[in-house]
Amino acid sequence: MSDRDLKAIAEKIVADGRGVLAADESTGTIKKRFDQIGVDNTEENRRDYREMLFRAAGHGKYTGGVILFDETLRQSAADGTPLVELLRAEDVVPGIKVDQGAKPLAGAPEETVTEGLDGLRERFAEYRGLGADFAKWRAVIKIGADIPSDYCIDANAHALARYAALSQEAGIVPIVEPEVLMDGDHDLARCQEVTEDTLDAVFNALYRQRVELEGILLKPNMVISGQDASSRAGVQDVAAATLATLKRCVPSAVPGIVFLSGGQSEEEATEHLDAMNRMGPLPWKLSFSYGRALQQSALKAWSGKTENVAAGQRAYLHRARMNWAAARGEWAAEMEKAA
Ligand code: 13P
């Protein structure tokens, strides 16, 4: 179906404990991050921030791929080097977020479906020309008293598979991201039930729409207690429930599973990943595709100041290294303190 070896690209991204940096915040989302550190949301500041991350020396050991936003894929560093070239110099695979956001689902109050399929074939052709070798599409599933509906899960699974098929046709590895949100006061069992229903629908849709499972990466949520749950499940329970769910739902043909962090703290996200990898052997690589959990400390250390670039890079490299260790089941709490 593709002119390229998608399996090789997917495997390269998650080789030897490497994972993905999700730096694909839309202009609206990065504004929220910049507001927290008092930085204006200008195109130049967005460029400077991402240039800082991509120039962190040696990050390619830990980071196999970086997901970019449309603007970033087209941007150049202050010295004129395309940002994509900075990534290639570190042997990091550039990726592109192609969805256009979760929009209200007709007839389903409180639920959403992700848009962006119209014209996607043409956009993929352009993105490949700009150097993207993988892509991301995020579907959002919310847990509430009477939701998610089967209608919402099916609509999102169908769109994810449409996207993945078009991505592979263009020679681009699709990251398939069905995110069951952590928002709410539900318990671990409820998150597990909804995550299983969602992954079941997603893999059915992928199969029916002829997506080659060897040439995708799955980006799921962990099975975790709701943010506002009265008592939260511990690390071992989260790891065991997440692995049970993935083993039930994800065929072993899939080369890698890269989790989103979804509102977990930096250390929590690392500790959970490490616990799961210690429970191996597993049929797929189990790694990270974190946004907030890789960037929080780096953003704060940088705070928009040129003189803080080295500190921001140190903070980013530290988090990347911790998650790389976790993807190998070799992380320890002392490694955090040592830094
Ligand atoms: P978080 O890790 O901050 O959840 O972001 C990952 C992501 O790419 C969501 O689409």
Side-chain angles (χ1 to χ4, degrees), residues 13-14 19-36 49-50 53 62-73 92-103 112-116 132 134-143 156 159-160 163-164 167 173-184 191 195 198 202 216-224 226-227 238 242 256-273 286-300 315-316 319-320 322-324 326-327:
I13 294 171
V14 292
V20 175
L21 165 66
D24 60 327
E25 297 85 358
S26 64
T27 307
T29 301
I30 197 77
K31 180 180 187 312
K32 289 188 215 158
R33 310 278 184 265
F34 280 5
D35 282 350
Q36 292 167 349
Y49 172 61
R50 279 143 178 171
L53 296 176
Y62 316 122
T63 316
V66 174
I67 317 172
L68 306 171
F69 185 57
D70 182 279
E71 174 185 274
T72 320
L73 185 67
V92 174
V93 182
I96 178 75
K97 184 231 300 284
V98 301
D99 70 68
Q100 296 180 327
K103 305 288 160 61
T112 60
V113 65
T114 300
E115 294 189 350
F134 75 99
K136 178 189 111 172
W137 177 290
R138 172 175 177 256
V140 180
I141 305 295
K142 195 173 162 196
I143 298 181
N156 277 291
L160 268 170
Y163 139 80
S167 181
V173 169
I175 290 190
V176 173
E177 180 179 7
E179 174 173 7
V180 176
L181 294 177
M182 219 171 136
D183 304 8
C191 179
T195 302
T198 301
V202 167
I216 73 165
L217 292 169
L218 176 72
K219 176 164 174 168
N221 53 284
M222 294 181 193
V223 173
I224 195 167
Q227 195 86 262
V238 167
T242 304
I257 298 176
V258 289
F259 292 105
L260 57 95
S261 60
Q264 298 180 52
S265 72
E266 290 182 327
E267 258 192 72
E268 231 181 339
T270 303
E271 201 175 352
H272 284 145
L273 180 61
L286 209 58
S287 192
F288 56 92
S289 175
Y290 296 157
R292 287 161 286 179
L294 268 171
Q295 294 183 62
Q296 244 158 259
S297 299
L299 258 173
K300 215 171 139 204
Y316 169 57
R319 269 313 354 122
M322 292 301 99
N323 287 307
W324 166 82

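Both ligands and their constituent atoms are indexed starting at 1 by order of listing. FYI, side chains are in, hydrogens and waters are out, and symmetry mates aren't considered; it's all heavy atoms of this structure.
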Flag if over 12 foreign heavy atoms under 6.0 Å of NZ, K103: yes

N/O to N/O below 3.5 Å, does that happen between [X] and ligand 1?
X	result
A22	no
E177	yes
E179	no

Assess K219 for proximity to ligand 1: is some non-hydrogen atom of it under 4.0 Å away? yes

Using non-hydrogen atoms of the residue, decide whether Q295 is closer than 4.0 angstrom to ligand 1. no

Under 4.0 Å to a heavy atom of [X] - the qualifying atoms of ligand 1, by number:
X	value
S261	1 (P), 2 (O), 3 (O), 4 (O)
G262	1 (P), 2 (O), 4 (O)
S289	6 (C)
Y290	2 (O)

Side chain to side chain donor-acceptor pair (under 3.5 Å) partner of Y49, the single match among R33, Q295, E25: Q295

Could you identify the single nearest non-hydrogen protein atom to [atom] and state the distance to 0.1 Å?
atom	value
atom 3 (O) of ligand 1	R292 NE, 2.7 Å
atom 5 (O) of ligand 1	G291 N, 3.6 Å
atom 10 (O) of ligand 1	K136 NZ, 2.5 Å

Do the charged groups of D24 and K136 touch, with an N to O distance under 4.0 Å? yes

State which residue, out of L286, N323, N221, L218, fulfils the side chain to side chain contact (heavy atoms under 4.5 Å, CB included) condition with F259. L286

Can you measure from [atom1] ([X]) to [atom2] ([Y]) and round to the nearest 0.5 angstrom?
X	Y	atom1	atom2	result
L21	R319	CG	CZ	13.0 Å
S287	I257	OG	CD1	11.0 Å
Y163	I175	OH	CD1	7.0 Å
K32	I30	NZ	CD1	11.0 Å

